[in-house]
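We use all heavy atoms of the structure for the numbers below, so side chains are in, but hydrogens, waters and symmetry mates are not. Order of listing sets the numbers, starting from 1, for every ligand and every atom in it.
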Amino acid sequence: EYHHDIHHKEYVDNGNNLLKGTGWENKTLEEIILGTYDAKSIAQNGIFNNISQLWNHNQFWEMMGTSGKNIPSHVESRIKDSFGSVEKFKEESCAAGDGQFGSGWCWLVLDTDGCLKITNADNGVNPLCFNQVALLGCDVLEHSYYFDFRNKRPVYLANFLEKLVNWENVAERLGSK
Ligand code: FE2
């Protein structure tokens with residue numbers, strides 16, 4: 001609730017304020033993200049940062065659920081093909097999230113070459129920026145784990161991957177791709 005009602009809401013409020021009078025007001029979140037992403041000026045890019053974080057958090061809540069270890073078989077086989085095993089996938093995802101210096105996200109994406117990949121990115125930068133499909137994402141901003149896990153980001157990541165993934169949602173995102 002704290003993460004959703006305080007931190008996510010901040011991106012919504014900031015984004016709405018920053019968009020006023022820019023011509024982006026009636027565009028979709030995806031259009032704004034793609035239209036304002038510029039890797040070189042990201043630190044000064046308030047619209048991109050707030051709208052992309054808004055979008056990222058929208059995905060994050062959908063990606064959370066109670067399906068636990070029940071991974072749909074076609075998702076599981078794609079994960080095994082790409083990473084060797086589900087356990088290896090979890091290890092690599094934890095390493096990507098833990099290795100993200102400062103704020104950001106780690107992602108499981110469907111890349112443009114049709115392969116599943118694990119990525120991590122600074123702040124609000126997300127798979128849309130690289131024409132990838134976001135299958136699963138985990139917020140590694142400190143605000144997402146400090147209350148429950150203090151500074152233990154790897155424990156938070158392992159807990160998320162073990163207990164909080166909505167694998168049905170991952171399956172929907174992957175579809176028959
Ligand atoms: Fe967050």
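Tally of protein N, O or S atoms closer to the Fe ion (ligand 1) than 2.8 Å: 4.
Separation of the Tyr146 and Tyr2 ring centroids does not fall under the 6.0 Å cut-off.
Looking only at atom types and distance, the side chain of Arg153 has no donor-acceptor partner in the side chain of Gln100 under 3.5 Å away. Side chains of His3 and Asp139: a donor on one and an acceptor on the other come within 3.5 Å.
Counting non-hydrogen atoms of other residues, nucleotides and ligands closer than 6.0 Å to NZ of Lys117 gives a total above 12. Shown here is Asp113, whose CG atom has more than 12 heavy atoms of other residues, nucleotides or ligands within 6.0 Å.
For the residue pair Ile32 and Ile47, the shortest heavy atom distance occurs at CG2-CG2, 3.7 Å.
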